[in-house]
Each structure stands twice: as structure tokens, then as C-alpha cells.
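Keep in mind that this is a model prediction, so the values were computed, not measured.
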Amino acid sequence: MKPLEMTKISITAPKNQLRPVVEGLYELQLMDIEDHKGDVIESGKPFEEAEQLSETIVDIRSLISKLPEQDKQSTQTKDIGQVQNKATELEERAENIQKKIDNLSNKSEKLDDRIKTLRKLKGIDLNYEDLSGTENLGTVAGDLDTEKLNKECSEDDYKLFKGKKSKVAVYRKEKDVEEAVNSCVESRISLPELDYEGPIEGLIDKKKEEKQKVEDQIREKEDELENISREWRGSLVTAEEFLSQKVEKAEAPINFGTTENAFIARGWIPSEKLDELKEKMCDITDGKIYIEEEEGENPPVKHDNPSIVQPFEPLTDLMSVPKYNEVDPSFIILLTFPALFGFMIGDAGYGLTSLLVFAAGYKFLPSAQKIFQSLMYASIFTIIFGLAFGDAFGYVIFGPKHNALYALTGLEFLKEIPILFHRAEHLGQVLPVAVGFGVFHINMGYLVGFYNEYTNHGFIEAFLEKGSWVMLEISALAAYLYGAVVGAPLGLISLALLYKGEGIEGIVEIPSLIANILSYLRVFGVSIAAVALAKVVNGLAAPAFNSGTALGLAAGTAILVFGHTFNTFIKIMEGFLQGIRLHYVEMFGKFYEGGGKKYAPFGATSN
């Protein structure tokens, strides 16, 4: 239950063995190298090729970012030399093509704006050149208040042309007439200056043709980028990965201490791998190396759990990486989180749909596979509790009362299947279960905290800091069962031990223990919400089904599918957030510090 045991080592060798040592450590992927600190011995310098490699990687990454992703890559893989020689030329080509695409896209957007403007003038019986006016006539296009215009101007002063979405007023260019017409404009259409004469509809068609040509040009340029990507992107990605590894190795000496003739590297490795590392490094250097174990503080942390626990490690790290000298709580999350999630949702139907969601996440999100795997455990427990309660999508499926599955199928044995209780009818029974689980969960935290303190500081410290809390709870229970005569003396002794172990802070925190236990009432709240939401969906669908028509049947089915799909995601969110919160806040607070440094061996990050 604790992280893997680590050993700090130092590696000292002649400077002419620097490159073989770096290569060997990179290949082994065992040593978490510490940055060199010290005034006597200077920090090392990167290998001479590091700068050039870094520049090449920057160019390749820049080029990759400009190329579209491809489902099918070229089967002809280019070697690293070809990629390096071609990278600058390809980047210039890609950049020029992208600039042309951007310019064409801007042109297309402008044409689109002009077409939208011209469509507003559709139906107006004027040629486009007429809209510019003449020496004696002015024009205005847009939304006009025609009633006001009739009042402000005489019929001889203007003529109104109406289109489908706007109007155009042609008026005499006289100051009072122009002011009157402008006062009637509610919104004005700004007309683009175009070298065109003829009907507005013809102009719209012309601009559409221009836009189509521009779109065709954009597609041609995009095809050029696609062809470059299809031929080179796969090789570029491979080269980037390869060169990243070379850069990591080339820059490794920065973390070493060096003198004129020798170097020293310090770091941590799993204790069980020490002999393997010694043997490998001696072979690489022909014995010209000295590896020594050292004392060190704050070792990096590597989880050391059985395969069944490993999916829950990311949930631990989500809170904080464990410290090296404390219990890894991943195993505890395995024991309680899936069961807590399953109990809160407690519906076999939602257990099945959530399992499908998590399975999809496992398949399509490889970086989060472990978390989705842990959530699949939670879905399985949801199915188990749902069957125990006889619930599926809010319907009763087992037991003698209100059995919807029996009513549908007429199978007698469905009424004989035993259940714990129907939550919809006995929600009150969930309340003591929630509180009881809270007491159990928090005291499990105290026991783990007791073990942490015992292994790090001894039995007395463990009993004073953690055992006193358990004793305080026992005294409260004794007072409840046997009266103050028994409970009071135990309580006073518990308070004295608590004060001795944690000082006044421990006494002040006593109310927080009650608050922590009461916080588990959220299990009851989520259970009520789970039942209520399912009932709401079923209630909405019932009238449609009861209509007895084909349309009603289709509508009822659609309501159930949409409603229960929506509820599935709501229940996933509620079950996860509330369940993991009870672990992080209420339970972990009794024993878990976290803040460890994750084990990151040299070479592993690039592979």
C-alpha cells in the first residue's frame, strides 16, 4: 500500500564516458535524475549538437502545425536526413500556401458580405448604377418610414422603389428635401462601389460566380497542403519524436556536475532495479564507473499496486501525488468509491448505460483509459445495487409490489426474486445507511492515519494523534448506550489524549468531525435525486403510452430514450463528484498529506 521503495545513487565516471553513460541511462529508463546543485563542481554543458537539434525540432514542429492531420499517410517513409534537409523548404511552401488561402478566404468573406447586402435590394426596379444618383438626384437605400416620408415630402420631391427586404428613395437634391428624407431613414444600407451596370439580380449572380471561383481556388490550395501532408506528415512526426529523444540526451549533461576530467550524476531509482543498473552501466563503460548509494530526502513516488488497483491511481494523483512515506490511498479508493457510486445511483438501467459511456471513453480517449476503467467498476456496482433494489430506469423489476417487468411479461418468478428494499418507497432506510457509511469511512481514514504515524513516528504518536479521535467516538457511543456515567470519563480521557497529540487545534476541530459525518447525508440526497429524476421521465412518457396510438407509442419511446440518456449523464456527474468529494475532503483529511514528486525516469517521457 506504500509507494515503491527508492534508492538514491550517484554515478561518477571519467568525462570520456559521458556519452555512453547518457545513452545507457536513457535506454534503461530507470534513473530520475536530480538537478546538480553545488558551488564546488560546476554544472555540465549540453553536447555540441544540442543547439542545432533544438532548432531543427522547432522548424519541424512549426511545419507539422501548418499541415492538416491525415487518416492515411504515405507508405513511403522518409529517412531522418531527408526530413531535416527538406524541412525548411517544406515550411516555406506550406507558409506561402497558407498565406494564399488566408487572402482568398478574406476575399471570399468580402464577396459574401456584398452578396448579403445586394440580396437586401432584391426586387427593386432599378439598375445598380441608378443607386449612385446623379447631379440633381440623390438616393438612399434601407428601411424607411414611408408614412413619415409622405408627410415630410410632397410626391414631386421623391419616388419610392420597394424591394423584398428594403426600399430605395430617389429624391431631388435640395437641402430641405434631403434633410426630410434622411430623417425618415430607420436603417441605411451602405452600397459598395462596384464597376457594374445593369439589374441588381444580375449583379448578385455575378458576385456568386466570383465567390465560387475564389472557393475553387481555396480548395486547390488546400489540396496542395493535403498532398504535402499526405507525403510528409507521418515522416515529420516520426522525425520529431526521434529528434526529441536526441535532444533530451544531448541536454542531459546540464543536470550533471562536471570537472575537467570527470562528471557526477545523482538521482533516484527503484531499489529492486539497482543491481540491474550497476551491471548495465559497468558493461557500457568497461568498469570505468563508480556507483554509490547515498542518503537523500524527498524521493520521487512511483505507485506500487496490483493490477486491479492501478486504474484508481489517477484518482489519487488527481488530488495529489502521495508522499513517499505515507500510504498510497489508491487501494482505499478501489474498496469504497465504486460501492459508494453504485449505492447512490442504485439503478441497474443507469448502471448499464453509464457502463457503455465509460467503455466508449476508454476506447476513444486513450490518455484517460485508467480513469474510465475505474469508473467501469463503479458502473458494475451500480448494476449490482440496482438489482438488489429491484430498480431499472426508475421502474420496479423485481418483488411482489408495483412490478413493471412482471406486468409487461407476466412471468411469475419476477415477483419471487428477493430484494433489499424499493428505494422509491423506503427512502428513509437510505438515511441511516448513509450516516453509517460515513462513520465507517471516516474511521477507516483514522486507522490509515494511525498506520502512517506508527511507521513514521511510533505507536505513542500514532495513538495520541489518531487513536484519540477513535476513542472520542467510542466515548460518545458509550454515553448514548450506557449514559454519562460511562461515557464522560472516557470522553475526558480522549480529550486529554487529543490535546496531548494535536494541541488546542485538535480540540477546536472536534465540531468538524460531526460536520464530516453529516456530510455523508449527500449520499441520501443523491439517492433521492436519482429516483426522482427517473420517475419524472417515466411520468412524462406514461400519457403518451396510455394513448394507445402508434404516434403515442413513438412519442413515449422518444421521451424515454432522450430523458434517460440525459439522466445518465446527470447521474454520472453527481455520482462521481459527490463520491470522490467524500473521499478527498472527509476521508483523506484524516490521514493524507500528499505533495509527493512523481517518479519521472530519464528517457521514459519520450517513449
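No donor-acceptor distance shorter than 3.5 angstrom exists from the side chain of D32 to the backbone of I269, with no hydrogens or angles considered. Side chain of E326 to main chain of Y592: no donor-acceptor pair is present (N/O by atom type, distance under 3.5 Å, no hydrogens or angles). No side-chain donor-acceptor contact under 3.5 Å links S229 to the backbone of E226. Side chain of H441 to backbone of Y520: no donor-acceptor contact under 3.5 angstrom is found. No donor-acceptor pair closer than 3.5 Å links the side chain of Q578 to the backbone N or O of V523.
A salt bridge does not link E574 with K571: none of the charged nitrogens is closer than 4.0 Å to a carboxylate oxygen. Taking the charged nitrogens against the carboxylate oxygens, E586 and R581 do have a contact shorter than 4.0 Å, which makes a salt bridge. Between E49 and R19, at least one side-chain N (NZ, or NE/NH1/NH2) sits under 4.0 Å from a carboxylate O, which counts as a salt bridge.
Heavy atoms of other residues, nucleotides or ligands lying less than 6.0 angstrom from NZ of K15 number more than 12. The number of heavy atoms from other shown groups lying within 6.0 Å of NZ (K370) is above 12. Environment of CD in E48: sparse, with no more than 12 heavy atoms of neighbouring residues, nucleotides or ligands closer than 6.0 Å.
Between F385 and Y350, the gap from one ring centroid to the other reaches at least 6.0 Å. Between F588 and F591, a ring centre-to-centre spacing shorter than 6.0 Å is recorded. The distance between the ring centers of F312 and F337 does not fall below 6.0 angstrom.
Side chain to side chain, N96 and E92 fail the donor-acceptor criterion of an N or O pair below 3.5 Å. A donor-acceptor pair shorter than 3.5 Å cannot be found between the side chains of S494 and S468. Looking only at atom types and distance, the side chain of Q82 has no donor-acceptor partner in the side chain of W232 under 3.5 Å away. Between the side chains of H303 and D317, at least one donor-acceptor pair of N or O atoms lies under 3.5 Å. Between the side chains of R61 and S244, a donor-acceptor pair is found at a separation under 3.5 Å. A side-chain donor-acceptor contact under 3.5 Å links R230 and N227. With no hydrogens or angles considered, a side-chain donor-acceptor pair links T316 and S330 at under 3.5 Å. Side-chain atoms of T455 and K2 include a donor-acceptor pair closer than 3.5 Å.
Put simply, NZ on K86 and CD1 on I60 are 14.0 Å apart, with the number rounded to the nearest 0.5 Å. If you take CG on L513 and NZ on K590, they are separated by 6.0 Å, rounding to the nearest 0.5 Å. Atom OG1 in T336 sits 10.0 Å away from atom CZ in F331 (nearest 0.5 Å). Distance check: L518 CG to S512 OG gives 11.5 Å after rounding to the nearest 0.5 Å.
A cation-pi arrangement is present between K249 and Y26, with the terminal nitrogen or guanidinium carbon under 6.0 Å from the aromatic centre and inside a 45° cone about the axis.
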Using atom types as modelled, flag every donor-acceptor pair under 3.5 Å from a side chain in residues 357-369 to any protein atom, sequence neighbours excluded.
unit_1: Q369; atom_1: NE2; unit_2: Y362; atom_2: O; d: 3.1

Which donor-acceptor pairs under 3.5 Å do side chains of residues 251-264 form with protein atoms, sequence neighbours excluded?
unit_1: T259; atom_1: OG1; unit_2: N261; atom_2: N; d: 3.4
unit_1: T259; atom_1: OG1; unit_2: A262; atom_2: N; d: 3.1
unit_1: T259; atom_1: OG1; unit_2: A262; atom_2: O; d: 3.3

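Sorted by first and then second residue, the salt bridge (charged side-chain N to carboxylate O under 4.0 Å, His left out) pairs involving residues 284-307 (not counting sequence neighbours) are R266-E294.
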